[in-house]
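Report on the following structure.
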Amino acid sequence: MNLEYICEQMVRILHGNITCISESGAIEACYGDMAAQCNPLFTDPEFLSAVHERERKDYPDLFYEKDTILYAVVSLENAKIVAGPVSTEKHIKDSEHYLMQHHHISDETGFRLSFCELKVFVSGILMLYHMITGKELTINDLWQKNGIRETDIIEVKGQISSVIFEHQEQELPHNPYDQEVRELDSIRHGDVEMLNRSLAETYRGEVGQLAKNQVRQAKNIAICVIALASRAAISGGMIPEEAFSIVDGYIMKIEDMNNAVKIDSMMRQAEYEFAECVAEIHKNQQKNELVEWTKNYIYQNLHSDIVIGEIGQKIGVNTSYLSDLFHKVEGTTIQQYIRKEKIRLAENMLRYSDYEIKEIASYLSFCSQSYFGNIFRQQTRMTPARYRKKYGKWKEPK
């Protein structure tokens with residue numbers, strides 16, 4: 001096994017350093033850009049000692065600093081391989097500041113902490129572990145081995161008992177399940193009036209406590225409600241990828257809010273949007289599974305140059321049959337539907353983003369900005385520039 005070669009290649013995947021620590025606790029080698037200058041294992045002897053003294057495990061040992069700075073340790077017979085640090089948050093200024101303050105890293109080194117998505121980092125660590133040890137672990141195995149301890153389970157069970165006791169003591173139940181069912185059914189059926197009635201119901205009970213802080217409580221409730229609403233909407237016929245995108249957008253907005261009343265209002269707005277989307281689907285569509293698969297594929301690939309023949313291959317049907325079926329059910333060709341959905345997404349980007357028109361055209365895989373402009377004008381009766389001037393809501397952050 002050529003350990004040096006493996007480590008040199010893996011730093012490109014993990015976007016962070018890989019350091020080899022000997023059995024005595026000395027650094028034998030380090031791989032990665034500016035490894036020595038920017039690595040706390042070099043700048044902070046106490047940290048190096050703490051990593052060296054971590055319990056040896058027969059699986060990759062994951063650990064965090066300040067919740068977002070991630071490391072992984074793979075223990076060998078006479079050494080340890082340490083991957084990191086990397087940040088699992090895109091906004092990493094606080095993490096960089098923390099490392100510089102706590103590990104004696106000078107800003108003269110031009111220190112920049114690398115970002116790596118958690119799922120990418122973990123997959124890379126599993127690959128590294130397999131190449132070094134020959135052993136295979138799934139991601140779920142890794143989470144379980146690094147995750148919940150027995151003491152955590154005991155604490156959770158104690159918390160559950162405490163919640164049950166308090167509600168019984170106060171004779172105050174949770175919000176009724178049947179009301180929640182009516183609320184979600186109204187979204188599933190695209191019935192806005194039914195949603196109005198379900199939200200206006202009065203009942204004895206209250207939603208559970210999901211956080212001690214009032215704003216965090218409102219955010220957690222909103223996340224739960226919006227996620228449930230999206231599943232009801234998908235059950236009602238909404239394209240899953242579109243529903244998931246709406247969830248992401250609303251929750252990201254809610255995470256930036258600090259007013260519990262406004263958070264609750266935004267949560268309800270999401271529910272109404274899902275109900276209205278389903279209502280529109282029911283009004284205009286007779287459902288067919290192959291057509292729905294086609295539409296979902298199109299939605300997932302709007303940024304690509306979609307080839308109709310590839311859609312048929314992907315879902316396993318003859319292209320001509322799929323084209324005829326789609327036209328019969330939707331009243332439009334697949335190509336026309338693709339253009340309509342691309343322009344719909346372009347409208348959203350013109351309203352809410354600062355992307356230039358040529359960037360939007362390129363992102364949606366139009367062959368040129370002028371062709372994009374022609375298709376956009378055919379569908380909206382406006383040029384992209386005029387549309388943005390009339391409807392654009394994006395403003396430069398202050």
Side-chain angles (χ1 to χ4, degrees), residues 1-89 95 98-99 102-105 113-156:
M1 177 183 66
N2 188 336
L3 183 59
E4 181 177 357
Y5 176 79
I6 292 172
C7 291
E8 285 177 348
Q9 301 309 311
M10 288 304 298
V11 295
R12 304 174 190 275
I13 297 173
L14 300 175
H15 299 289
N17 302 328
I18 294 180
T19 308
C20 301
I21 303 176
S22 70
E23 190 173 17
S24 65
I27 293 176
E28 292 185 330
C30 191
Y31 308 91
D33 294 337
M34 298 182 68
Q37 299 96 314
C38 302
N39 194 328
L41 293 169
F42 282 86
T43 62
D44 188 343
E46 291 184 3
F47 181 71
L48 171 60
S49 178
V51 173
H52 173 247
E53 292 173 3
R54 287 181 71 87
E55 179 185 353
R56 301 178 69 86
K57 297 173 180 176
D58 61 355
Y59 55 86
D61 174 22
L62 305 180
F63 66 97
Y64 275 103
E65 283 191 281
K66 201 174 172 59
D67 296 327
T68 61
I69 307 167
L70 183 59
Y71 301 83
V73 180
V74 177
S75 295
L76 307 181
E77 185 176 350
N78 298 313
K80 284 185 176 180
I81 308 297
V82 183
V86 298
S87 175
T88 54
E89 293 286 346
S95 298
Y98 175 87
L99 284 177
H102 289 77
H103 296 299
H104 316 294
I105 299 172
L113 182 62
S114 296
F115 164 72
C116 186
E117 288 188 11
L118 181 59
K119 61 184 179 182
V120 174
F121 183 82
V122 169
S123 295
I125 291 299
L126 289 175
M127 188 184 303
L128 175 65
Y129 176 75
H130 174 65
M131 287 190 291
I132 292 174
T133 68
K135 298 176 182 177
E136 295 183 5
L137 287 176
T138 67
I139 290 179
N140 188 52
D141 291 334
L142 191 63
W143 288 143
Q144 289 186 346
K145 291 178 180 294
N146 279 278
I148 299 172
R149 301 166 297 176
E150 185 177 359
T151 54
D152 295 325
I153 297 173
I154 293 171
E155 288 176 6
V156 168

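Bear in mind that the values here come from a model prediction, so they are computed numbers and not experimental data. Note that the numbering runs from 1 along the sequence shown for the chain. Below, each value reflects all heavy atoms present in this structure, side chains not excepted, and no hydrogens, waters or symmetry copies.
With sequence neighbours left out, N78 forms a side chain to side chain contact (heavy atoms under 4.5 Å, CB included) with E23.
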Run the side-chain contact (heavy atoms from CB on, under 4.5 Å) check on Y71 and V51 step by step: do they pass? CA-CA 10 Å; Y71 301 83; V51 173; 6.0 Å; no
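Taking CD1 from I6 and NE2 from H130, the interatomic distance works out to 10.0 Å, rounded to the nearest 0.5 Å. Going from atom CG of L70 over to atom CD1 of I125 covers 7.5 Å, rounded to the nearest 0.5 Å. For the atom pair CD (E28) and CG (L3), the distance works out to 9.5 Å, reported to the nearest 0.5 Å.
D141 has its side chain out of reach of Y59: every pair of non-hydrogen atoms, C-beta onward, lies at least 4.5 Å apart. P60 has its side chain within reach of L137: a pair of non-hydrogen atoms, C-beta onward, lies under 4.5 Å apart. Side-chain contact between I81 and C20 is present, with at least one heavy-atom pair separated by less than 4.5 Å. At a threshold of 4.5 Å between non-hydrogen side-chain atoms, the residues L48 and T19 do not count as touching.
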Donor-acceptor list for residues 7-15 side chains, cut-off 3.5 Å, not counting sequence neighbours:
none

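Closest of all the heavy-atom pairs between L142 and L62 is CD2-CD1, 4.0 Å. In this structure, P45 and T43 approach most closely via the heavy-atom pair CD-O, 3.7 Å. Nearest heavy-atom pair, K80 versus S75, reported as atom, atom and distance to 0.1 Å: CE-OG, 3.8 Å.
Distance alone, capped at 3.5 Å, is enough to place a donor-acceptor pair between the S123 side chain and the K119 backbone. D44 places no side-chain N or O within 3.5 Å of a backbone atom of P40 that could act as its donor or acceptor partner. No donor-acceptor distance shorter than 3.5 angstrom exists from the side chain of K135 to the backbone of Y129, with no hydrogens or angles considered.
The aromatic rings of F63 and F47 are tilted relative to each other, their planes meeting at an angle between 30° and 60°.
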